[in-house]
Amino acid sequence: GGGGARSKASPARKPPASVGGGGGGDGSGDGSGGGGDVGGASVQSIPGSGSGLGLLDGVTLTLRKWFDLSPSMEFRCFVKGGNLRGICQRDVSNFYPYLPGDAAALEELVAVFWQENVSGVFNAGAATAALDYVMDVYVTTRRRCRIMDFNPWGGATLPLLFDWHELSRPPVDAGEDDAEVVGGSRGSAGAGGGAGA
């Protein structure tokens, strides 16, 4: 379960302080954590091992309570030039029959979350490359989005149901950013309309 971790080098240390939403969850019953995106995380600095090598100097161990998440509700969002370009399911090895019917609602939910909480955060004085990133989100049973991870654009980050070339193309209408939602298999893609900013 949750709680703190003890370091053998310092058995008398207090359990780590909770960071984020107070560590208790938000009552949604879906394991999404507290009020922030780091809800329920614990941070503890680990003192050096005494070996003289200093391998652990300045290391911070971040622990988070484990929750079982439904892979069907994990989505990867692709942002190019500060524009949301595409959203697809992360679990590409399975087809979830209910996702295509829910694609429009999920697209809007994720796009609005991105617009209100993430868009523009990396823009302040950033190089153009900083405007290109991949964000993984989880949609809870209460239809709330939680950030799972950020990844760099391209490189070792997988485009999953897209390919990098199609994600790099400018939006069809230069005045409007349309996110494309792909769910299920490649053949069951549905184009999104007007999502993002």
Flag, side chain of Asp132 to backbone of Gly81, donor-acceptor distance under 3.5 Å: yes

For the side chain of Gln89 and the backbone of Tyr96, is there at least one donor-acceptor N/O pair under 3.5 Å apart?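 Such a contact is absent between Gln89 side chain and Tyr96 backbone.
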
State, without any angle test, whether Asp68 and Trp66 hold a side-chain donor-acceptor pair at a distance under 3.5 Å.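 A pair is found: one side chain offers a donor N or O, the other an acceptor, under 3.5 Å apart.
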
Less than 3.5 Å apart, any donor N or O on the side chain of Tyr98 or Ser72 sitting next to an acceptor on the other? yes

Supply the atom-to-atom distance [X] [atom1] to [Y] [atom2], rounded to the nearest 0.5 angstrom.
{"X": "Ile87", "Y": "Arg76", "atom1": "CD1", "atom2": "CZ", "result": "13.0 Å"}
{"X": "Asn151", "Y": "Asp136", "atom1": "CG", "atom2": "CG", "result": "5.5 Å"}
{"X": "Arg85", "Y": "Glu166", "atom1": "CZ", "atom2": "CD", "result": "11.5 Å"}
{"X": "Asp163", "Y": "Leu158", "atom1": "CG", "atom2": "CG", "result": "12.5 Å"}
{"X": "Arg144", "Y": "Leu109", "atom1": "CZ", "atom2": "CG", "result": "11.0 Å"}
{"X": "Cys145", "Y": "Met73", "atom1": "SG", "atom2": "CE", "result": "8.5 Å"}

Please test Arg143 against Asp102 for salt bridge (charged side-chain N to carboxylate O under 4.0 Å, His left out), starting from the C-alpha separation and ending with a verdict. CA-CA 12 Å; Arg143 296 295 199 175; Asp102 207 13; 2.5 Å; yes

Counting C-beta onward and ignoring hydrogens, is there a side-chain heavy-atom pair between Trp114 and Met135 closer than 4.5 Å?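 A side-chain contact under 4.5 Å exists here.
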
Does any non-hydrogen side-chain atom of Trp153 lie less than 4.5 Å from one of Leu167?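 The answer is yes, as the side chains (C-beta and beyond) meet within the 4.5 Å cut-off.
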
Which heavy-atom pair separates [X] from [Y] by the least distance, and what is that distance?
{"X": "Trp164", "Y": "Pro159", "result": "NE1-CD, 3.4 Å"}
{"X": "Pro71", "Y": "Asp91", "result": "CB-OD2, 3.7 Å"}
{"X": "Ser70", "Y": "Tyr138", "result": "N-OH, 3.1 Å"}

Check side-chain hydrogen bond (donor to acceptor under 3.5 Å, both in side chains) between Thr157 and all other residues, then give those that pass, not counting sequence neighbours. none

Tell me, with the steps shown, if Tyr133 and Phe78 meet side chain to side chain contact (heavy atoms under 4.5 Å, CB included). CA-CA 6 Å; Tyr133 58 90; Phe78 300 89; over 6 Å; no

Where do Val139 and Phe113 land on the side chain to side chain contact (heavy atoms under 4.5 Å, CB included) test, with the steps shown first? CA-CA 10 Å; Val139 177; Phe113 173 80; over 6 Å; no

Criterion side chain to side chain contact (heavy atoms under 4.5 Å, CB included) on Cys77 and Val137, from CA distance to verdict: CA-CA 8 Å; Cys77 305; Val137 298; 4.1 Å; yes

